[in-house]
Amino acid sequence: MTDPTPPAALDGNTSAEPDAVGPRDFIRDIIRDDLAAGRAQGVVTRFPPEPNGYLHIGHAKSICLNFGVAQEFGGVCNLRFDDTNPAKEEQEFIDAIMADVRWLGFDWGDNLFHASDYFEQLYQWAEHLIENGLAYVDELSADEIREYRGTLTQPGKPSPWRDRPVDESLDQFRRMRAGEFADGAKVLRAKIDMGHGNMNMRDPVLYRIVKKPHPRTGDTWSIYPTYDYAHGQSDALEQVTHSLCTLEFEDHRPLYDWLIENLPVPSRPRQYEFARLNLGYTVLSKRRLTQLVANGHVSGWDDPRMPTLTGLRRRGIPPETIRDFISRLGITKQDSQVEFSLLEHCVREHLNKSAERRMAVLRPLKVVIENFPKGEVDNLDAINNPEDPDGGGHTVPFTREIYIEQDDFMEDPPKKFFRLGPGREVRLRYAFFITCTDVIKDAAGNVVEIRATYDPETRGGDAPDGRKVKGTLHWVSAAHAVKAQVRLYDHLFQEEAPGSGGRDYLDDLNPASLEIIEDAMLEPSLAGWPVGKTLQFERLGYFCADKDGTADAPVFNRTMTLRDTWAKVKKQG
RNA sequence: UGGGGUGUGGUGUAAUUGGUAACACGACGGACUCUGACUCCGUUAUUCAAGGUUCAAGUCCUUGCACCCCAGCCA
């Protein structure tokens with residue numbers, strides 16, 4: 001296990017030059033230089049998630065970087081689970097992470113690893129450190145260790161166990177492994193420098209006693225390495241050349257380097273840190289996302305409002321859209337918060353080109369076309385996607401009674417309103433021009449039905465006499481409509497930076513992040529629409545069928561609205 | 001005088017390594033339109049601050065300032 005076969009990327013037959021037009025950033029520059037100078041013979045990266053939660057769009061940045069870099073330089077990227085803490089990790093998360101990485105479009109081939117694969121080797125190396133006087137078993141309690149560590153501005157002081165004999169530490173450590181002590185009774189610590197300005201160097205804990213079954217190793221271990229101890233050595237064992245991680249690990253690097261220098265590892269990984277992704281109107285910390293799920297603020301990890309990959313997938317956002325979004329971010333060391341509108345742009349740009357169009361009415365208002373014969377059905381041609389000449393078409397049935405959107409009618413419209421009103425003429429998409437002749441209200445004065453006439457000459461949507469109408473409305477034949485539940489999603493948080501300014505981030509939850517419409521009316525071709533295929537409801541936005549739906553009772557999720565300049569005009573008054 | 005990082009428009013990035021601020025998103029204005037969508041056109045910064053070096057500074061030097069991370073037996 002000490003000496004796994006070197007990855008194919010290190011056989012020397014790799015291309016040092018990525019695509020001339022590929023992405024450029026400080027990390028790729030470093031790799032290019034390393035290759036050119038012969039400091040590296042190939043590129044091996046890794047994506048190292050801890051299986052204690054679901055992957056989110058912040059992870060996507062790391063995944064795209066690590067797998068992307070490997071691809072561009074002809075190297076490999078390992079998927080390695082950092083499963084060093086059985087108290088928090090679960091098989092469910094392991095399975096979900098693999099599914100999500102694949103969905104995002106990346107493939108680790110045979111290079112699936114686990115930190116737990118290296119437990120025996122890591123243990124042997126720990127003994128090596130003890131034997132060389134570089135680690136000791138400490139019997140201070142957790143609280144005492146914290147006290148002894150000092151503060152940011154004051155040096156720590158040595159534990160009374162710090163200078164115990166090597167043999168004694170070795171014996172203690174072996175008995176820790178044998179399970180002789182209770183959880184937390186003792187730890188193995190590196191012996192570095194209790195006065196170091198970098199807290200990570202004040203004799204960090206390497207091993208702790210955790211008597212919990214591990215998803216992979218079961219109960220064969222009662223001690224587990226800390227992440228700080230396991231990570232660098234795991235990289236070394238996998239011959240990782242460039243270990244890419246986020247900024248908060250920057251001051252752990254001296255510790256990783258110290259361990260690598262003091263251990264007979266097979267290779268020398270170099271770590272480089274980049275800024276993690278922050279996105280507006282959401283949170284991207286596993287702690288917070290876990291809390292949202294645990295406290296029921298969302299329906300689960302795959303709630304379409306969640307920034308998790310599984311949530312985005314259920315929301316109808318295609319993986320190429322996420323990759324495109326990530327590629328526009330750039331890789332730097334600057335803390336930043338990306339505007340949500342950039343993601344929206346990527347989604348709309350992709351879906352505009354690829355999504356089929358259909359008509360659906362969210363809030364139906366019945367229109368009776370009085371001069372259209374009762375019982376007659378006119379099947380009209382509709383284009384699947386105007387952006388795709390080869391996209392084909394489908395037909396939509398037109399009848400005497402149809403539904404239009406409540407928002408598309410105003411009894412007393414302002415001058416800039418192009419839609420239907422008393423006496424006004426508009427086009428029904430792919431169908432006819434209609435003119436509103438009467439408005440029917442209920443006792444409370446609400447408009448409940450519209451009476452109209454149509455112009456048979458305008459079949460298909462154009463008037464032979466060349467007259468123009470300013471508005472085009474979507475519609476659905478009442479007799480053919482498929483009733484559906486539609487879930488309208490908005491930002492999970494109403495503040496762009498939830499929890500900023502000292503607020504509790506939970507206080508920034510958007511109470512209107514989900515609106516459920518029970519009786520939306522869909523055109524008949526939407527019956528049985530496959531889950532996972534995002535489409536556009538004309539003039540409304542992009543939607544996808546949800547897994548909660550059935551053939552009889554379909555459910556659609558709104559992926560994203562279309563840009564709506566009318567809403568803006570309306571708001572301005 | 002704890003340690004480690006980062007400062008370019010509203011946002012995210014770029015700038016041949018000293019040569020006269022580029023791209024994208026957004027916003028605003030306009031054109032077009034059988035989706036108020038899409039598309040198209042225009043407008044939108046002198047680079048944290050102050051000094052200094054230089055013919056020339058976002059890039060070099062000096063001194064400040066601001067912000068982020070670290071005191072888990074989490075990762």
Side-chain angles (χ1 to χ4, degrees), chain A residues 24-25 48-50 52-53 82 84-85 87-89 138 140-142 145-147 149-156 183-189 195-202 204-210 223-224 226-228 230-231 245-254 273 275 280 286-287 328-346 348-349 352-353 357 359 382-383 386-387 416-419 426-431 433 458 460-462 468-474 496 536-541 561-570:
Chain A
R24 235 65 218 289
D25 51 62
E50 183 195 13
N52 68 341
D82 267 327
T84 56
N85 187 357
K88 294 189 172 182
E89 296 150 9
D138 194 351
L140 252 28
S141 70
I145 287 181
R146 189 182 317 120
E147 255 173 61
R149 187 152 34 221
T151 69
L152 294 178
T153 52
Q154 290 170 305
D183 277 28
K186 319 189 178 202
V187 292
L188 181 73
R189 292 228 259 169
H196 204 110
N198 182 342
M199 301 293 280
N200 295 123
M201 300 299 266
R202 320 239 266 227
V205 172
L206 268 24
Y207 269 90
R208 72 288 216 200
I209 299 169
V210 181
I223 57 172
Y224 291 91
T226 57
Y227 170 86
D228 274 348
H231 193 74
C245 66
T246 44
L247 255 25
E248 67 269 28
F249 294 104
E250 206 151 14
D251 46 20
H252 293 234
R253 178 154 35 88
E273 307 86 8
K286 231 188 265 182
R287 198 196 109 251
R328 298 182 192 226
L329 264 27
I331 301 291
T332 68
K333 302 189 71 151
Q334 281 151 248
D335 288 309
S336 64
Q337 181 170 62
V338 176
E339 289 182 340
F340 195 86
S341 61
L342 181 61
L343 211 210
E344 290 182 323
H345 173 262
C346 294
R348 289 181 181 132
E349 183 177 75
N352 176 51
K353 290 184 189 126
R357 271 64 163 173
M359 290 195 284
I383 296 166
E387 303 286 326
K416 282 179 162 175
F417 187 80
F418 305 148
R419 285 111 96 144
V426 296
R427 170 168 39 232
L428 294 178
R429 176 133 241 223
Y430 296 125
F433 287 12
T458 57
D462 286 304
K468 300 282 182 196
V469 287
K470 194 79 171 138
T472 300
L473 312 186
H474 59 278
E496 185 166 21
Q536 182 190 114
F537 287 175
E538 295 233 22
R539 302 210 305 136
L540 295 175
T561 60
L562 257 25
R563 288 189 67 198
D564 188 355
T565 54
W566 165 243
K568 209 182 302 174
V569 171
K570 211 164 47 172

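All values below were derived from every heavy atom in this structure, side-chain atoms included, with hydrogens, water molecules and symmetry-related copies excluded. It should be emphasised that the depicted structure is a prediction, and the values quoted were computed from it without experimental measurement.
Nucleotide rU17(B) carries a syn base; the chi torsion (O4'-C1'-N9-C4 or O4'-C1'-N1-C2) is within 90° of 0. Glycosidic conformation of rG72(B) is syn; the angle stays within 90° of 0.
Counting atom types as modelled, Arg328(A) pairs no side-chain N or O with a base atom of rU13(B) as donor and acceptor under 3.5 Å.
Between Met199(A) and Arg149(A) the shortest heavy-atom distance is CE-CG, 3.8 Å. Closest approach of Ala382(A) and Tyr430(A) over heavy atoms only: CB-CD1, 3.5 Å. Of all non-hydrogen atoms in Arg189(A) and Leu206(A), the two that sit nearest each other are C-CD2, 4.0 Å. Counting all heavy atoms, side chain and backbone alike, Asn352(A) lies closest to Glu387(A) at O-CG, 3.3 Å. Minimum heavy-atom separation, Tyr227(A) to Asp82(A): CE1-OD2, 3.3 Å.
With hydrogens and angles ignored, the 3.5 Å screen pairs no side-chain donor or acceptor of Lys88(A) with any backbone N or O of Glu50(A).
On the C1' atoms, rG7(B) is 14 Å away from rU59(B), given to the nearest whole Å. Taking atom C1' on both rG19(B) and rG58(B), the two are 13 Å apart, rounded to the nearest angstrom. Nucleotides rA24(B) and rC40(B), compared at atom P, are 10 Å apart to the nearest Å.
For Lys568(A), taking side-chain heavy atoms from C-beta onward, the closest of the listed nucleotides rA27(B), rU35(B), rG10(B) is rA27(B).
OP1 or OP2 of rC25(B) lies within a sub-4.0 Å distance of a side-chain N or O belonging to His345(A).
Distance CZ (Phe340(A)) to C1' (rC25(B)): 14 Å, rounded to an integer number of Å. At whole-Å resolution of the value, CG in Leu562(A) and C1' in rG36(B) are 10 Å apart.
Mapping Thr565(A) and Gln334(A) onto RNA chain B by nearest heavy atom places Gln334(A) closer to the 5' end of the strand.
Among the protein residues, Glu250(A) comes within range of the sugar-phosphate backbone only, with heavy atoms under 4.0 Å from sugar or phosphate atoms but none that close to a base. When heavy atoms are screened at a 4.0 angstrom cut-off, Lys353(A) is found touching no nucleic acid atom at all. Heavy atoms of Thr153(A) sit under 4.0 angstrom from at least one base atom. As judged by a 4.0 angstrom heavy-atom cut-off over every strand, Leu342(A) is placed among residues touching the sugar-phosphate backbone only. When heavy atoms are screened at a 4.0 angstrom cut-off, Arg253(A) is found touching no nucleic acid atom at all. Across all strands, Phe417(A) comes closer than 4.0 Å to base atoms (heavy-atom distances). Within the nucleic acid shown, Arg287(A) has no heavy atom closer than 4.0 Å to any nucleic acid atom. Within the 4.0 angstrom heavy-atom criterion, base atoms lie near Pro386(A). Gln536(A) comes within 4.0 angstrom of a base, heavy atoms only.
Annotation: the span from Ile223(A) atom CD1 to Lys186(A) atom NZ amounts to 12.5 Å, rounded to 0.5 Å.
For Asp335(A), the side-chain contact (heavy atoms from CB on, under 4.5 Å) partners two or more places apart in sequence, or in a different chain, are Leu247(A).
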Worksheet item: If the sugar-phosphate is the primed atoms plus P, OP1 and OP2 and the base is the rest, what is the B/S/- string for nucleotides 68-75 of chain B, using protein heavy atoms under 4.0 Å?
Response: SBBBSBSB

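With the 3.5 Å cutoff on both pairing distances, Watson-Crick and G-U pairs in RNA chain B assemble into runs of at least 3 at B:2-7 with B:65-70, B:10-13 with B:22-25, B:26-31 with B:39-44, B:48-52 with B:60-64.
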